[in-house]
Trainee: 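This is the structure I have questions about; it appears just below.
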Amino acid sequence: MSSFALKSFTGLRQSPTDQITLVSHVPSSLSLPHRRTSLRVTASRASPKLANRTLRVAVIGGGPAGGAAAETLAQGGVETILIERKMDNCKPCGGAIPLCMVGEFNLPLDIIDRRVTKMKMISPSNIAVDIGRTLKEHEYIGMVRREVLDQYLRERAEKSGATVINGLFLKMDLPEEWDSPYVLHYTEYDGKTGATGQKKTMEVDAVIGADGANSRVAKSIGAGDYDYAIAFQERIRIPDDKMTYYEDLAEMYVGDDVSPDFYGWVFPKCDHVAVGTGTVTHKGDIKKFQLATRNRAKDKILGGKIIRVEAHPIPEHPRPRRLSKRVALVGDAAGYVTKCSGEGIYFAAKSGRMCAEAIVEGSQNGKKMIDESDLRKYLEKWDKTYLPTYRVLDVLQKVFYRSNPAREAFVEMCGDEYVQKMTFDSYLYKRVAPGSPLEDLKLAVNTIGSVFRANALRREIEKLNV
Amino acid sequence: MALLFSPPIFIPKNSSPLLSANRFSLLSVTRANSSSDTGITSPATISVDVKEPHTSTPVVKKEEVSSAVEGEEEMKTTETFTNFEDARWVNGTWDLKQFEKDGKTDWDDVIVSEAKRRKWLEENPESTSNDEPVVFDTSVIPWWAWMKRYHLPEAELLNGRAAMVGFFMAYFVDSLTGVGLVDQTGNFFCKTLLFVAVAGVLFIRKNEDVDKLKKLFDETMLYDKQWQAAWKDGEEDSSKK
């Protein structure tokens with residue numbers, strides 16, 4: 001049913017021709033020793049000190065990734081410019097952040113509209129399972145409004161010393177020499193509404209691309225493409241009595257009717273709910289899936305008014321190239337969204353921070369020029385810390401989202417307390433906690449049992465069809 | 001730039017068989033009323049008026065959409081007939097007492113009934129409701145009932161085939177090499193082949209299974225490859241220079 005045609009993996013080798021022209025910019029006579037060994041981690045002590053100025057870094061995109069990166073850079077003494085095209089942008093988003101993000105990024109508690117402590121997973125045959133019994137008093141999933149969170153992080157970056165510019169990044173001229181600056185072309189919007197803005201250029205030493213799924217920075221450096229899902233969401237204001245049901249509860253619907261490779265959701269927001277679904281393989285049918293999601297939740301959202309319809313692409317895996325010389329991608333631009341749950345806010349902010357830390361360290365607080373090896377340190381650290389998480393979620397998605405029987409088994413398994421505890425631990429704190437081996441064994445047996453039963457029922461259904 | 005999904009023509013054109021005319025959805029009021037009962041004509045006409053200007057313009061206006069939604073409230077009662085109904089499906093679970101045969105529960109019947117319910121729901125997805133949550137758990141059916149119904153027949157088939165093939169293989173090997181059955185079972189090469197055959201049958205039972213396994217293997221490797229791409233192309237890049 002959902003056996004998608006596997007795209008053959010091409011990386012960058014058969015990329016379109018613009019790829020080749022980019023490479024030719026770099027003169028082949030380049031023979032500085034540290035260039036050739038740029039793969040191996042060489043200390044940037046080989047880079048010269050910057051005379052009478054600090055390192056200038058531009059962060060393109062002012063979402064969680066950009067805001068976190070700009071703040072860390074500014075605190076580290078680097079001259080930071082943050083370019084954001086729409087200061088009040090309401091990015092279409094589930095808006096869920098894990099508990100650890102509040103602590104790690106010192107988020108004030110009033111940013112969080114709701115604390116979700118209960119979740120309901122609903123299988124294709126409407127078997128509903130309650131998740132969240134194992135949560136402790138202080139644990140929750142925070143629901144935020146993106147415009148509020150993004151604005152807060154940007155303001156904090158500004159307070160730390162970053163310059164925030166309201167502008168639209170157009171393109172970037174790559175440097176001729178190894179230490180020439182990048183020339184950014186952007187349109188700056190001054191305060192007047194309706195103005196088309198002024199075209200400007202800026203020279204910077206390094207660029208962090210945090211401009212989201214349709215990243216222009218990524219295009220400028222030829223980072224390659226990724227598979228993406230379309231997430232479609234409707235914000236619905238429902239009557240107050242129905243809203244109390246969703247006070248601290250989020251729902252996830254799985255089934256072929258709702259999405260062939262993802263899930264449909266009802267997430268509570270500040271004073272309304274967001275009902276949505278997503279898909280990678282059947283983007284053309286997204287409206288059908290949205291209808292089915294609304295239908296499955298119908299009783300609970302009846303009488304609601306749709307106040308907003310929105311959609312956005314979600315990357316499924318990282319781009320083939322996440323950095324190029326002194327340009328690095330973070331967040332959605334790099335493709336750091338997990339499979340299975342589609343979580344991206346925390347990873348965006350964390351990658352922004354990690355990349356900025358690498359730059360601060362490599363430039364010794366802005367005193368030296370950096371080069372690609374410093375940015376590679378960020379990639380290494382990122383892959384080392386989070387690749388296991390991504391792998392596990394990928395396996396979960398592959399195993400449990402492939403067909404209705406698999407989803408039924410998934411929902412059945414989520415009813416198990418041990419599963420819930422492990423899931424929440426790894427989601428809320430972003431650590432893969434070692435459980436007890438005996439429980440793991442029981443879990444394995446139960447998983448096989450659930451999958452077997454669900455598939456057996458599927459065979460029964462097929463027999464009935466005949 | 002944010003990709004805002006601008007629907008060309010909103011819901012009304014939706015005519016998939018899965019969500020056919022008697023399906024009720026929040027926005028396709030005009031479709032729903034065509035085949036169902038007559039008691040709903042009055043609200044229907046109201047929504048039809050709303051829909052007219054709406055379908056003529058390709059760009060959806062949110063206010064028109066929301067007013068169509070409000071017209072839905074009266075519609076709720078008309079589509080209960082599409083829900084799954086069964087005498088033995090009580091309060092969101094199967095009433096096992098009704099499945100008794102000779103004093104013992106007829107698990108086969110439970111399995112078939114659950115399959116029927118799931119088939120029904122696959123074709124007519126239903127809304128979940130808080131008043132009647134579905135709480136049936138398939139693990140309530142004992143493991144031996146599953147074994148008896150699904151594993152044993154397949155095992156019988158495979159063992160039967162293995163026995164037939166084994167008999168003739170033993171005969172041919174004997175006629176070609178002169179090694180009798182008893183000596184064959186002691187021979188290391190034969191034992192290896194036997195081991196490979198048994199392990200192979202665990203995974204490959206039909207011709208389609210070979211392709212399935214290959215695809216599975218590729219799938220498992222794909223995600224890792226996508227992540228390692230950043231490192232691979234970095235090497236290429238520096239060597240190009």
Side-chain angles (χ1 to χ4, degrees), chain A residues 6 9 11-12 23 26 28 30 35-36 38-39 91 122 124-128 214 230 232 245 255-257 287-288 291-292 294-300 302-306 309-313 317-318 320-322 379 383 387 390-391 394 398 404 412 449 452-453 456-457 459-461 464, chain B residues 1-5 7 11 14 16 18-19 23 25-27 60 62 65-66 69-70 72-73 76 111-112 114-119 121-122 125-130 133-139 143 146 149-150 215 218-220 222-227 229-230 232-235 238 240-241:
Chain A
L6 259 192
F9 181 69
L12 275 184
V23 173
V26 181
S28 50
L30 210 54
R35 261 275 141 255
R36 243 182 273 120
S38 69
L39 233 220
K91 156 101 196 285
I122 295 154
S125 65
N126 282 341
I127 295 178
N214 298 314
I230 281 281
F232 187 92
Y245 171 70
D256 272 336
D257 55 331
K287 300 309 259 320
K288 195 175 83 171
L291 209 60
R294 259 198 270 119
N295 191 47
R296 292 259 238 131
K298 177 165 51 199
D299 272 0
K300 291 171 268 189
L302 201 60
K305 272 201 257 230
I306 299 180
V309 179
E310 50 196 15
H312 209 266
H317 63 83
R321 185 191 272 173
R322 285 176 271 157
L379 270 196
D383 280 5
L387 196 51
Y390 282 95
R391 276 214 191 100
D394 176 52
K398 283 208 179 79
N404 269 353
E412 242 181 56
F452 179 77
R453 286 196 295 266
L457 277 169
R459 283 196 288 190
E460 199 61 49
I461 292 176
L464 287 172
Chain B
M1 206 148 315
L3 171 76
L4 264 194
F5 198 102
I11 309 300
N14 173 15
S16 120
L18 261 187
L19 305 167
R23 294 297 301 120
S25 49
L26 274 177
L27 288 178
V60 172
K62 307 297 172 283
V65 160
S66 55
V69 171
E70 278 174 307
E72 304 317 302
E73 300 233 34
K76 184 179 145 164
I111 293 177
V112 174
E114 176 65 10
K116 284 209 190 107
R117 185 184 78 89
R118 289 195 183 181
K119 176 161 178 263
L121 283 176
E122 253 183 51
E126 245 173 56
S127 151
T128 57
S129 97
N130 287 337
V134 174
V135 290
F136 180 65
D137 184 1
T138 53
S139 56
W143 64 273
W146 297 100
R149 198 181 167 84
Y150 295 104
K215 253 182 36 172
D218 282 336
E219 250 183 59
T220 45
L222 181 67
Y223 195 57
D224 251 3
K225 276 201 238 150
Q226 288 166 341
W227 270 88
K232 258 211 293 255
D233 292 294
E235 284 176 20
S238 59
K240 265 190 219 156
K241 292 189 226 113

Trainee: Considering only heavy atoms and a distance below 4.5 Å, find which of K116(B), R149(B), E114(B) pairs most often with chain A.
Mentor: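 Top option by heavy-atom pairs under 4.5 Å: R149(B).
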Trainee: Using heavy-atom distances under 4.5 Å, tell me whether A297(A) contacts chain B through its side chain, its backbone, both, or neither.
Mentor: backbone
Trainee: When rounded to the nearest 0.5 angstrom, what distance separates CH2 in W146(B) from CG in L457(A)?
Mentor: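 Answer for the CH2-CG pair, W146(B) versus L457(A), is 4.0 Å.
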Trainee: Walk me through it: do I127(A) and R118(B) pass the test side chain to side chain contact (heavy atoms under 4.5 Å, CB included)?
Mentor: CA-CA 10 Å; I127(A) 295 178; R118(B) 289 195 183 181; 3.8 Å; yes
Trainee: When only pairs under 4.5 Å are counted, which of T138(B), L121(B), V135(B) shares the most heavy-atom pairs with chain A?
Mentor: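 Heavy-atom pairs under 4.5 Å are most numerous for T138(B).
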Trainee: Are Y150(B) and R453(A) side-chain neighbours, meaning at least one heavy-atom pair lies under 4.5 Å?
Mentor: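 Counting from C-beta outward, Y150(B) and R453(A) never come under 4.5 Å.
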Trainee: In terms of heavy-atom proximity below 4.5 Å to chain B, should Y390(A) be classed as side chain, backbone, both, or neither?
Mentor: both
Trainee: Where on E412(A) is there a heavy atom nearer than 4.5 Å to chain B: the side chain, the backbone, both, or neither?
Mentor: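 Only the side chain of E412(A) comes within 4.5 Å of chain B.
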Trainee: If we ignore hydrogens and angles and just use 3.5 Å, is the side chain of N126(A) paired with the main-chain N or O of E126(B) as donor and acceptor?
Mentor: yes
Trainee: Is R296(A) reaching over with its side chain to a backbone N or O of P125(B), donor-acceptor style, under 3.5 angstrom?
Mentor: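 Looks like no, no N/O pair under 3.5 Å.
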Trainee: Can you tell me how far the CG atom of N404(A) sits from the NZ atom of K119(B), to the nearest 0.5 Å?
Mentor: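 Between N404(A) CG and K119(B) NZ, I get 14.0 Å after rounding to 0.5 Å.
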Trainee: Please find the pair of heavy atoms, one from D394(A) and one from Y223(B), that lie closest to each other, and give the distance.
Mentor: OD2-CB, 3.1 Å
Trainee: Side chain, backbone, both or neither: which part of P124(A) has an atom under 4.5 Å from a heavy atom of chain B?
Mentor: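 The backbone, not the side chain.
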